[in-house]
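Data block below; observations after.
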Amino acid sequence: MRASDLDLCRDPSPQSGEEEPLALYVHWPFCVSKCPYCDFNSHVRAEIDETAWRDALLADLAHEAELTPGRPLGSIFFGGGTPSLMAPATVAAVLGAAERHWGFASDIEITLEANPSSVEAAKFGALAKAGINRVSLGLQALDDAALRFLGRAHDVAESLAALDIAQAAFARVSLDLIYARPDQTETSWRAELDRALRFGTEHLSLYQLTIEPGTHFAALAGKGRLPTLDIDTAANLFELTRAVTAAAGIPAYEISNHARPGAESRHNLAYWRYRDYLGVGPGAHGRRGGLATVRRKKPENWLAAVARNGHGLESETPLDPATRAMEALLMGLRLGEGVDLAALSGRLGLPIDEMVDARAIDELTGHGLIVRERDRLTVREPGMLVLDGILGEIVR
Amino acid sequence: MSTPLDRIRNFSIIAHIDHGKSTLADRLIQTTGGLTEREMSAQVLDNMDIEKERGITIKAQTVRLNYTAKDGLEYQLSLMDTPGHVDFAYEVSRSLAACEGALLVVDAAQGVEAQTLANVYQSIEHDHEIVPVINKIDLPAAEVDKVKAEIEDIIGIPADDAILTSAKSGIGIAEVLEAIVTRIPPPKGDRDAPLKAMLVDSWYDPYLGVVILVRVVEGVLKKGQQIKFMQHGTLHLVDRVACMRPKLEQLTELAAGEIGIITAQIKEVSQTAVGDTITDAKKPTAEALPGFKEVQPVVFCGLFPVDAADFEKLRDSLYKLRLNDASFSFEAESSAALGFGFRCGFLGLLHLEIIQERLTREYDLDLITTAPSVVYKIQLAHDKGEIELHNPADMPDVMQIASIEEPWIEAVIYVPDEYLGSLLKLCQDRRGIQKNLTYVGGRAQITYELPLNEVVFDFYDRLKSISRGYASFDYHQIGYREGDLVKMSIMVNAEPVDALSMIVHRGTAEARGRGMCERLKDLIPRHLFKIPVQAAIGGKVIARETIAAMRKDVTAKCYGGDATRKKKLLEKQKEGKKRMREYGSVQIPQEAFIAALRMGDEG
C-alpha cells in the first residue's frame with residue numbers, strides 16, 4: 001500500500017486562523033470503575049453533585065468563549081472519564097451554552113465517548129436529542145475473557161446490544177478496540193477484527209495495548225506479573241490491521257484510527273492538524289492562539305478553582321515557534337496525509353530548516369520510511385510502525 | 001659529620017605483594033626509634049593511597065635508621081624501599097644498585113612467587129648479600145621447612161640461616177637488625193675523590209619542589225654545592241641536603257656510601273633522569289656511573305573525557321601527574337568517536353591502571369580508555385627507514401610497509417598443577433613459545449616467550465580467572481621480533497570507527513574480529529534501518545554481524561492532551577542523543593564504546 005492511498009482527507013490548511021472553526025473538548029472525569037490500562041484523568045466518586053458540575057462547566061466554557069470571539073465551533077468532543085454517565089440534561093445545557101457563545105458550523109460534529117453498557121445505552125436516545133450526533137463506543141474487545149482482563153464491566157453480548165442501540169440513535173458511530181493483548185495471535189485478532197468490520201461502523205479506533213506508567217497494569221508489569229506480547233508479534237498485528245482495514249474500505253488515516261473516506265473524526269483531526277482547540281473541565285488541555293492551556297487536574301481542585309476564579313485554568317503558557325513546530329510535527333506525521341511544511345512554516349513564521357533536519361529526512365527517505373513531495377512530508381507505510389523513532393531523527 | 005663507611009649498611013627489601021614487606025619496614029623503623037607507636041600510621045613507606053590499597057610501591061622511598069648493635073657500636077642503616085612491580089623494572093634496578101644487600105621476605109604460607117624472582121635475580125646480579133627472611137611464621141598455615149626448600153630450589157641460595165619472623169607480632173625483628181649489620185657488607189667509596197652520586201629516584205613535593213633521592217658513590221655532596229647532571233648536562237645549586245627518618249632531617253652533607261635526599265630548586269621531575277650521575281660542576285668526575293638507560297613507554301592507550309567539556313581538566317591533570325612521574329608520556333589526540341583526548345604511553349599495564357585510577361580518583365575525571373596497544377616498529381618499503389607506531393590509527397598503507405616488528409616478553413608463571421593444562425593452552429593461544437617447565441612441590445613454573453600485544457589484551461585477567469587467582473606472573477621485555485601483523489578495522493554501517501581499530505596477528509584476527517562484532521551487535525541500539533557491523537583487514541571483511549532494524553516504536557494514543565507529554569518525551573530523546581557519537585547516520589552511545597573497549601571481560 002502506498003502512502004497516497006491513505007491520503008484521503010487533504011488538510012485544507014487555511015491561512016487565516018481567525019475564520020477557522022474551533023474545536024471544543026469537554027472533560028467529564030468520572031467512571032464507575034477505573035480500568036487497569038487507563039492513565040486518563042478519570043476518577044471514581046460515590047456521589048457527584050451534577051448541578052454543581054454543570055454550572056462549573058458552563059463557567060469554564062464562558063471563560064474560553066470570552067477569549068475566542070467570532071469563531072464558530074466545528075466540533076465538540078465529550079471525553080473522560082465516562083461522559084456517557086452525564087445526565088443528558090447536563091449535555092444539553094453545555095451544548096446550548098456553546099452554541100450561544102460561539103455558534104455552530106453547519107456541519108458541526110458533536111461526539112460523546114460511551115461505555116457499551118445497558119444502563120448507558122438506555123440514555124442514547126436522550127443524548128441524541130440533546131445534540132450528540134456521533135458516538136465513540138468503547139467496546140475494547142469482542143471476547144469475554146479479554147474484557148475481564150481489561151477490567152471492563154460489560155460482556156460482549158451487552159456491548160453488542162448497546163452498539164445496536166447506538167447505531168439506531170446516532171448518525172455516526174465509531175468503536176474502540178484494544179489489541180496486541182497478551183497471548184493474542186494473528187489468527188485470533190484477524191477473526192476479531194473481521195467481526196468488528198462486519199458491524200458496518202464508519203469509523204474504528206484500534207489501539208495497541210500500551211502499559212502506561214502509573215496504571216494498575218504498570219504495577220503488575222513492574223512485579224513481573226503481567227504477560228506481554230512480544231514486539232515482533234505486536235508489529236505483525238499492526239501491519240495486519242492496516243492491511244485488513246484498507247481492504248475493507250476503512251483504511252487507517254492515523255496511527256490507530258480508521259475511517260471510511262469522509263468519515264474521519266473531524267474533532268481529532270483538529271489535534272493532529274494542530275489547529276486551535278479549547279479544553280474545559282478537569283485536566284483538559286487546549287491550544288489557543290499560541291498558548292498552551294492546562295486546567296486543574298483533580299476534579300475537586302478544578303471545581304474549587306472555577307468557584308474561586310470563574311475558570312479552571314491552572315496555567316497558560318506561551319509556546320515559542322520551535323515548540324509549536326515540534327508539536328505540529330509529532331501530531332501531524334501521525335496522519336496518512338502528513339504535514340505541509342511550507343504551510344506550517346508560514347503559520348509559525350519559522351523556516352523549514354529550523355523545524356526539521358534536512359539531512360535526516362534524506363537519510364530516512366533513502367530507507368523508504370518517509371517521503372517528501374514538494375512541501376508535504378509524509379510517513380510511508382513501513383515508517384508508521386516506528387514513527388516515534390522517526391520523529392526523534394527529523395524533528396529539530 | 002659523616003658516618004665512617006664501616007658503620008653504614010644500605011639494604012633493600014624484596015618481597016611479593018602481601019608477603020609483609022611494609023609491615024617489616026614499619027617494625028624496623030619503630031624498633032630503632034624512628035617513630036613512636038603513636039606516629040606510625042599504618043605502613044609509613046607506602047604513602048600514596050593507591051600504593052596502600054594495592055600493597056605495592058610506586059616511588060622508591062628510603063629511611064635512615066640508627067641502630068646500636070650487639071657489638072656496642074652505632075650503625076647507620078638505610079632501608080631502600082623498591083618499587084614492587086615489573087613495570088618499574090628499571091627503577092628497581094637503580095634502587096638495588098644503591099644498596100649492598102637485601103632482605104628477601106617470603107611468606108611462610110605462600111612460598112616463593114614469580115614477582116619475587118625478578119627482583120631477587122636482579123639483586124644477585126648486583127652481587128648483593130641476600131638475607132632470607134621467612135615472615136608470618138605464626139600463621140597456622142606456615143610451612144617453614146617447605147619454604148626454605150623452595151628458596152634453595154627455586155632461587156638457589158642457602159636458606160639454613162633464614163631468619164624467622166612475624167613482623168605483625170614483632171617476632172624476630174631484633175635478629176633481622178643484627179643480621180643487617182653482620183651479614184650485609186658496608187659500602188665502599190673514596191670520600192676524597194670528585195663527587196659521583198647516582199640519581200636513584202625523584203618526586204615532586206608541593207613544598208620542596210623536586211626531591212631527589214641519591215646514593216653518593218665517591219666524594220661528598222654538600223649544601224650550596226654547584227652540581228651537574230651528567231646525562232642532561234644541566235647545572236643546579238644544592239639548597240638542601242637531608243635524610244628521611246622517616247621525617248625529614250636536614251644534614252650538612254652526604255658522603256660516599258651514604259643515601260639521602262637533596263633539593264636543588266628543580267621544578268619538574270622530567271629534568272631528573274633516574275640512573276643519571278650527579279657530579280661537582282667545578283670538579284667533575286672523569287666517568288659517569290654505568291647502567292644509565294632512558295626509560296621508554298611500552299604500552300599506549302588513548303584517554304578521553306566522557307564529557308567533552310572536561311578536556312582542559314584532563315590536560316591539567318596529566319601535567320600535574322607528570323610532575324611526579326616522568327615515565328609516562330602524553331600527546332593530544334582526536335578521535336571521531338571519542339572527541340579530543342590524549343594518547344598516553346606507560347611503562348606497562350599496571351602503570352597504565354595506576355595513572356588511570358589516579359585521574360579518576362584524585363582528579364575526579366570520568367574517562368574512556370581505548371584498548372591498550374604496544375609500540376610497533378614498522379620497516380617502510382623502498383628503504384624509507386623505520387617508524388614507531390603508537391596508535392593503530394596511524395598505521396601506514398600496507399603497500400608502504402616492508403615488515404612490522406612487535407615487542408616480545410619472557411614471562412615466568414607459577415601455577416598450581418591442577419590449572420597447568422588450561423594455562424598452557426592460554427599461552428599457546430596467545431602465540432607463546434614454551435621455554436621451560438619445571439615442578440616445585442605442587443606447583444609448576446613455566447617460562448614462555450609471548451608477544452606483548454597478546455599480553456596487554458586481557459591476558460592477565462584470563463590468567464587469574466583460569467587459575468582462580470592462584471597463578472602469579474612476571475615478565476620482562478626481550479626485544480622486537482617480526483610478526484605477521486595486520487590492522488583490523490571495525491566498520492559500522494560501512495563507516496570505519498577509528499577508536500576500535502587494532503593491530504592484531506593475522507592468525508588471531510578472525511576470532512578477535514568476530515568477538516568485537518558480536519559485542520557491538522549487543523551494544524549498539526537498534527536504529528530505524530539495519531546496520532552491518534564488520535571487521536576488516538585491508539578491504540577484506542573477516543567477520544560480520546547485522547543489527548536488525550527497530551521493529552516497533554510508536555505511541556498508540558495521541559490526542560489533544562498528549563501533545564505536551566509527547567513533546568517532553570521527544571526532548572528527552574534529543575537529550576539522550578547528546579551522549580551519542582555519530583558515525584555517518586549511526587549513533588553509537590558512548591557507553592557502547594566504553595563497554596566494547598573494556599579490557600578483560602572477553603570470553
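Chain naming here is simple, since letters A, B, ... match the order of the sequence lines and numbering starts at 1 in each.
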What residue, out of A/R334, A/E212, A/H27, A/H285, has the most heavy-atom pairs lying under 4.5 Å from chain B? A/R334

Under 4.5 Å from any heavy atom of chain B - which part of A/N41: neither

Report yes if the side chains of B/Y559 and A/M331 come closer than 4.5 Å at any heavy-atom pair, otherwise no. no

Taking the side chain from B/R551 and the backbone from A/V386, do they hold a donor-acceptor pair closer than 3.5 Å? no

Segment of A/L387 engaging chain B (4.5 angstrom heavy-atom cut-off): both

So A/I255 and B/T555, side chain to side chain contact (heavy atoms under 4.5 Å, CB included) or not? Walk me through it. CA-CA 8 Å; A/I255 295 291; B/T555 305; over 6 Å; no

Applying a strict 4.5 Å limit to non-hydrogen atoms, the region of A/E363 in contact with chain B is side chain

Within the 4.5 Å heavy-atom criterion, are A/V395 and B/L570 side-chain neighbours or not? yes

Short side-chain to backbone donor-acceptor contact, A/W272 and B/G560, under 3.5 Å: no

Going from CZ on B/F529 to CG on A/L369, what distance comes out if it is rounded to the nearest 0.5 angstrom? 9.0 Å

Pairwise side-chain contact, B/R565 with A/D39, heavy-atom cut-off 4.5 Å (strictly under): yes

Between A/I390 and chain B, which part of the residue has a heavy atom less than 4.5 Å away: side chain, backbone, both or neither? both

Specify which of A/A23, A/G392, A/A292 makes the most heavy-atom pairs with chain B at under 4.5 Å. A/G392

Main chain of A/D388, side chain of B/D553: is a donor-acceptor contact present, judged purely on distance under 3.5 Å? no

Quick check: does any side chain N or O of A/S256 sit under 3.5 Å from a backbone N or O of B/A556, one acting as donor and the other as acceptor? yes

Would you indicate whether the side-chain heavy atoms of B/L528 and A/E393 approach each other to under 4.5 Å? yes

So do A/M384 and B/V554 actually touch side chain to side chain, heavy atoms under 4.5 Å? no

Taking A/Y207, A/Y25, A/F40 one by one, which has the highest count of heavy-atom pairs under 4.5 Å against chain B? A/Y207

B/E510 atom CD, over 12 foreign heavy atoms within 6.0 Å: no

Quick check on B/F311: does its CZ atom have over 12 non-hydrogen neighbours (other residues, nucleotides or ligands) under 6.0 Å away? yes

Considering only heavy atoms and a distance below 4.5 Å, find which of B/K557, B/K566, B/R526, B/Q587 pairs most often with chain A. B/K557

Any chance you could measure A/N257, atom CG, to B/C558, atom SG, to the nearest 0.5 Å? 11.0 Å

Note, A/M326 side chain near B/E571 side chain (heavy atom, < 4.5 Å): yes

Can you confirm whether B/T564 sits close enough to A/R287 that some side-chain heavy atom of one is under 4.5 Å from a side-chain heavy atom of the other? yes

Which region of A/R295, side chain (C-beta onward) or backbone (N, CA, C, O), has a non-hydrogen atom less than 4.5 Å from a non-hydrogen atom of chain B, or is it both or neither? neither

